[in-house]
Amino acid sequence: MAAELGAGLRIFRDILRRADKNDDGKLSFDEFKAYFADGVLSGEELRELFQTIDTQNTDNLDTEELCEYFSQHLGEYENVLSVLEDLNITVLKAMDKTKKDYQEASNLEQFVTRFLLKETLNQLQSLQSSLECAMETTEEQSRQERQGPTKPEVLSVQWPGKRSARRLQKNSLLPSSPHFNTGWTEEDSQWMTQINRLQKLIDRLEKKDLKLEPFEEEVLEENAKSHIMIVQRQMSVIEEEVEEFRLALKQYVESASSQGGCLHVSIQKLPSDSRFIVYEFWENSNAWNSHLQMNYSKTFQRSNVDFLETPELVTTMLVPASWWVLNNN
C-alpha cells in the first residue's frame, strides 16, 4: 500500500497511525470521531461522513479508504501536502547531518548552523501562525453560520499575507497573529459592548473585583507589549482518563505559571461532564508563542492525544494592555 500512495496522500498513513488507538491498523467510528471531530460537525454528521468514507462497509476505515475519499477534495492542498512530505524528509536529513558534523565543526561553522536552525524555525513558526489564523477564522465562521440566520456585525481584519481586508464576524475572537489589523474604528457604544463582555469573562474566572478601563480615544503603540493575550482552552476528557489528565494538567499549569510572560492561569471544571476549561493570560502574543515551544507545553499536548475525547478547542483574544487594570482593594 505504501508504494501505491501518490504525492500528497502519504500523510494519511500517518493520520491513521496516530488516530488508531488500539494499533489494529484500522479506525473504528470512536477512533475516527476522537481524531476528526472539530467542534463544528455534530455526532450525526460525523457518523454520516464515516459511513461515506467506509466504501467497503466494514464499519472500519483503512488508509486506502481515507485516501480515496480525501483525494477527491484536496484541491490546492494536494500540492501543499506533497511539499510537506518533501520538507519533512529534507529537514530530517539536515538534522541527521547536523548531529554528525556539529561537534567537529569550527566555531564559525557552528554559528552558521545555529543561525540556520533558528531561521528555519522562524519561517516554520510564521507559517504555522498563518495557518492557525486561517483555521480559527474558518471554524468560527462555521460556528456562527450554524447559530441562526441573524447576520452579526463585522469587523475588518487583515489576513496574513494579504493586502485586502477580509470580513470577520464581530463576535469572533482575534486570532493570535501579528498580521492582524488591530486598529479599532467602532463607535463608543460598540466599544462598551466589547469591554463589558471582557469584564464579565474575567469576573467569572476568579470572582475578583477586576476592572477594565478604556480611554475615550486611545492610540495604541505598535510593539510586542501593546496587547495582552487571553487564551481559552476547552478539553473534553475521556471519563476513564480524568485522574491521569488532572495530574498532567497540574504539572502543565505549574510549569506555565512559572514562566516570566505568564500573568495568570485559571481552571474550570464543568460539573455536568468531564470537560475542563483553562484560561491563560500572557503578557503578549510572543510570550504565548514561546510558551508553545517549551518542552512542558509539547509534553502536555502529546498526552492530550490519549486523554481527550475530541481535539481541544483553543480560542485566543488580544486586548490592549492599557485595559488591563487590576483592583487590589
Side-chain angles (χ1 to χ4, degrees), residues 39 125 128-129 132-133 135-137 139-140 155 157 168 170-180 182 184 191-215 218 220-235 245-246 248-270 275-301 304 312-329:
Q125 287 178 336
Q128 177 183 344
S129 179
E132 288 176 345
C133 168
M135 184 176 66
E136 290 172 5
T137 303
E139 288 178 351
E140 182 65 20
L155 290 175
V157 299
L168 177 67
K170 180 176 182 291
N171 290 333
S172 302
L173 302 181
L174 292 179
S176 55
S177 172
H179 301 278
F180 268 80
T182 56
W184 291 69
W191 276 83
M192 292 308 300
T193 299
Q194 292 285 353
I195 295 166
N196 290 337
R197 188 158 61 91
L198 286 172
Q199 178 76 65
K200 292 177 181 179
L201 167 64
I202 298 171
D203 284 345
R204 285 201 304 268
L205 296 182
E206 295 291 344
K207 300 189 182 302
K208 293 180 179 178
D209 185 16
L210 302 176
K211 189 177 182 182
L212 293 169
E213 296 183 347
F215 295 100
E218 180 180 7
L220 301 179
E221 297 180 4
E222 294 296 333
N223 58 61
K225 297 183 178 180
S226 61
H227 289 81
I228 284 173
M229 175 72 73
I230 301 178
V231 182
Q232 181 195 65
R233 307 178 65 169
Q234 299 185 47
M235 291 166 279
F245 173 79
R246 286 181 184 273
L249 179 60
K250 181 176 182 293
Q251 294 175 353
Y252 168 78
V253 170
E254 289 176 350
S255 298
S257 300
S258 66
Q259 299 301 307
C262 182
L263 300 174
H264 184 68
V265 179
S266 178
I267 303 171
Q268 288 186 336
K269 165 77 166 62
L270 299 187
R275 188 148 63 98
F276 293 75
I277 303 179
V278 178
Y279 295 93
E280 302 180 24
F281 296 76
W282 295 86
E283 286 185 351
N284 48 56
S285 58
N286 290 339
W288 162 249
N289 290 329
S290 296
H291 149 77
L292 292 177
Q293 302 305 316
M294 301 296 288
N295 287 334
Y296 70 84
S297 180
K298 293 180 179 179
T299 299
F300 182 63
Q301 293 179 48
N304 282 345
E312 71 170 299
L313 177 62
V314 180
T315 307
T316 62
M317 177 168 54
L318 290 170
V319 296
S322 58
W323 291 10
W324 190 258
V325 180
L326 294 177
N327 188 343
N328 296 318
N329 294 334

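Nothing here was measured: the structure is a model prediction, and the numbers come from that model.
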According to side-chain hydrogen bond (donor to acceptor under 3.5 Å, both in side chains), who are the partners of [X], at least two apart in sequence or on a separate chain?
X: Lys298; value: none
X: Ser290; value: none
X: Gln251; value: none
X: Arg246; value: none

As an exercise, state the distance from [atom1] of [X] to [atom2] of [Y], rounded to the nearest 0.5 Å.
X: Cys262; Y: His291; atom1: SG; atom2: NE2; value: 7.5 Å
X: Ile267; Y: Glu280; atom1: CD1; atom2: CD; value: 9.0 Å
X: Ile230; Y: Thr315; atom1: CD1; atom2: OG1; value: 12.0 Å
X: Phe276; Y: Lys269; atom1: CZ; atom2: NZ; value: 5.0 Å
X: Phe281; Y: His264; atom1: CZ; atom2: NE2; value: 6.5 Å
X: Arg233; Y: Leu249; atom1: CZ; atom2: CG; value: 9.0 Å

Within a strict 4.5 Å, meaning less than it, do heavy atoms of the Asn304 and Met235 side chains meet?
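Side chain of Asn304 against side chain of Met235, heavy atoms only: contact under 4.5 Å found.
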Do Gln128 and Asn289 come within less than 4.5 Å of each other through their side chains, counting heavy atoms only?
no
Filter on salt bridge (Lys or Arg N to Asp or Glu O under 4.0 Å), then keep only pairs touching residues 254-266, sequence neighbours left out; what's left?
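Those involving residues 254-266 are Lys250-Glu254.
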Look at the aromatic rings of Phe300 and Phe245 and report parallel, tilted or perpendicular, splitting at 30° and 60°.
tilted
Only counting residues at least two apart or in another chain, list the ones meeting side chain to side chain contact (heavy atoms under 4.5 Å, CB included) with Thr299.
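Checked Thr299 against side chain to side chain contact (heavy atoms under 4.5 Å, CB included); matches are Arg302.
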Could you report the tightest heavy-atom contact between Ala287 and Glu283, atom names first, then the distance?
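It is CB-N, 4.4 Å.
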Any side-chain donor paired with an acceptor under 3.5 Å for Ser297 and Gln293?
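Short answer, no.
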